[in-house]
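Structure first, then comments.
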Amino acid sequence: MGRAPLLLGLCAVVVASFLLAPGVVERGPVVCAFRALTGLPCPGCGLTRSFVATAHGELQEAFAFHLFGPFLFLGCAAAGLWLLARGELPRSLLRAAQGPLAAAWLCWAAWRLAGTI
């Protein structure tokens, strides 16, 4: 993926999180197809609400919406700043981190799903 689309996407996510009001996203419609069809949360359910809560300093709510949300929000902001300053993300770090992070995320998602069944 090129630098410009990635930078634009990261910036859009972070800026939108600051612009949206927490009350608006809490009452918004369910846009997750998996949740709409099954009534169960997918691994990404709650990220939008978590990002918005994080951007507005409501960390307790942010973690309640999605355990990984605040960390991912900060990662998006840091990656955007890194891209602006350096022009490229450190690929070796990304490759080394993706496996353990994906495993942790999926374990947590399974745990959350098991609690809703």
Side-chain angles (χ1 to χ4, degrees):
M1 175 181 269
R3 176 180 177 236
L6 179 59
L7 182 59
L8 182 62
L10 291 168
C11 289
V13 165
V14 172
V15 170
S17 297
F18 281 100
L19 294 177
L20 290 169
V24 171
V25 294
E26 288 176 26
R27 294 185 307 271
V30 173
V31 294
C32 174
F34 182 82
R35 185 169 168 205
L37 290 172
T38 67
L40 302 171
C42 78
C45 277
L47 277 176
T48 300
R49 291 173 288 159
S50 182
F51 275 33
V52 172
T54 301
H56 291 272
E58 299 173 1
L59 293 181
Q60 186 173 0
E61 292 85 359
F63 281 111
F65 288 133
H66 197 289
L67 181 64
F68 288 82
F71 301 114
L72 189 57
F73 176 82
L74 292 175
C76 287
L81 290 173
W82 187 281
L83 274 172
L84 282 172
R86 303 275 178 130
E88 188 174 351
L89 292 173
R91 295 189 189 279
S92 60
L93 176 63
L94 295 173
R95 271 190 233 107
Q98 70 186 8
L101 289 174
W105 185 307
L106 291 176
C107 287
W108 172 78
W111 180 268
R112 180 172 73 164
L113 185 61
T116 60
I117 296 176

Minimum heavy-atom separation for [X] to [Y], with atom names?
| X | Y | answer |
| --- | --- | --- |
| P100 | A96 | CD-O, 3.4 Å |
| S17 | A55 | O-CB, 3.5 Å |
| S50 | G69 | OG-CA, 3.2 Å |
| L113 | P41 | CD1-O, 3.9 Å |

Worksheet item: With sequence neighbours left out, what residues match F65 under ring pair (Phe, Tyr, Trp, His ring centres under 6.0 Å)?
Response: none

Discussion item. So, using ring pair (Phe, Tyr, Trp, His ring centres under 6.0 Å) as the criterion, who are the partners of F34 when residues are at least two apart?
Written reply: none

Worksheet entry | Residue pairs passing the ring pair (Phe, Tyr, Trp, His ring centres under 6.0 Å) test where at least one lies in residues 36-62, sequence neighbours excluded | F51-F73

Tell me every residue that passes side chain to side chain contact (heavy atoms under 4.5 Å, CB included) with [X], counting only those two or more places apart in sequence or in another chain.
| X | result |
| --- | --- |
| W108 | H66, L67, F68, R112 |
| A79 | L10, L89 |
| C11 | L7 |

If hydrophobic residues (ILVMFWY) are linked whenever their side-chain heavy atoms come closer than 4.5 Å, directly or via other members, who joins [X] in its cluster?
| X | answer |
| --- | --- |
| L8 | none |
| L37 | none |
| V25 | L20, V52 |

Worksheet item: Would a hydrophobic clustering, with Ile, Leu, Val, Met, Phe, Trp and Tyr connected at side-chain separations under 4.5 Å, put V14 with L74?
Response: yes

Discussion item. Tell me whether V15 shares a hydrophobic cluster with F18, the cluster being built from Ile, Leu, Val, Met, Phe, Trp, Tyr side chains joined at under 4.5 Å.
Written reply: no

Worksheet item: Heavy-atom count around F63 CZ within 6.0 Å, excluding the residue itself: above 12?
Response: yes

Worksheet item: Going through the checks in order, is the side-chain contact (heavy atoms from CB on, under 4.5 Å) test met by W105 and L72?
Response: CA-CA 11 Å; W105 185 307; L72 189 57; 3.9 Å; yes

Discussion item. Please report the interatomic distance CG(L40) to SG(C32), rounded to the nearest 0.5 Å.
Written reply: 10.0 Å

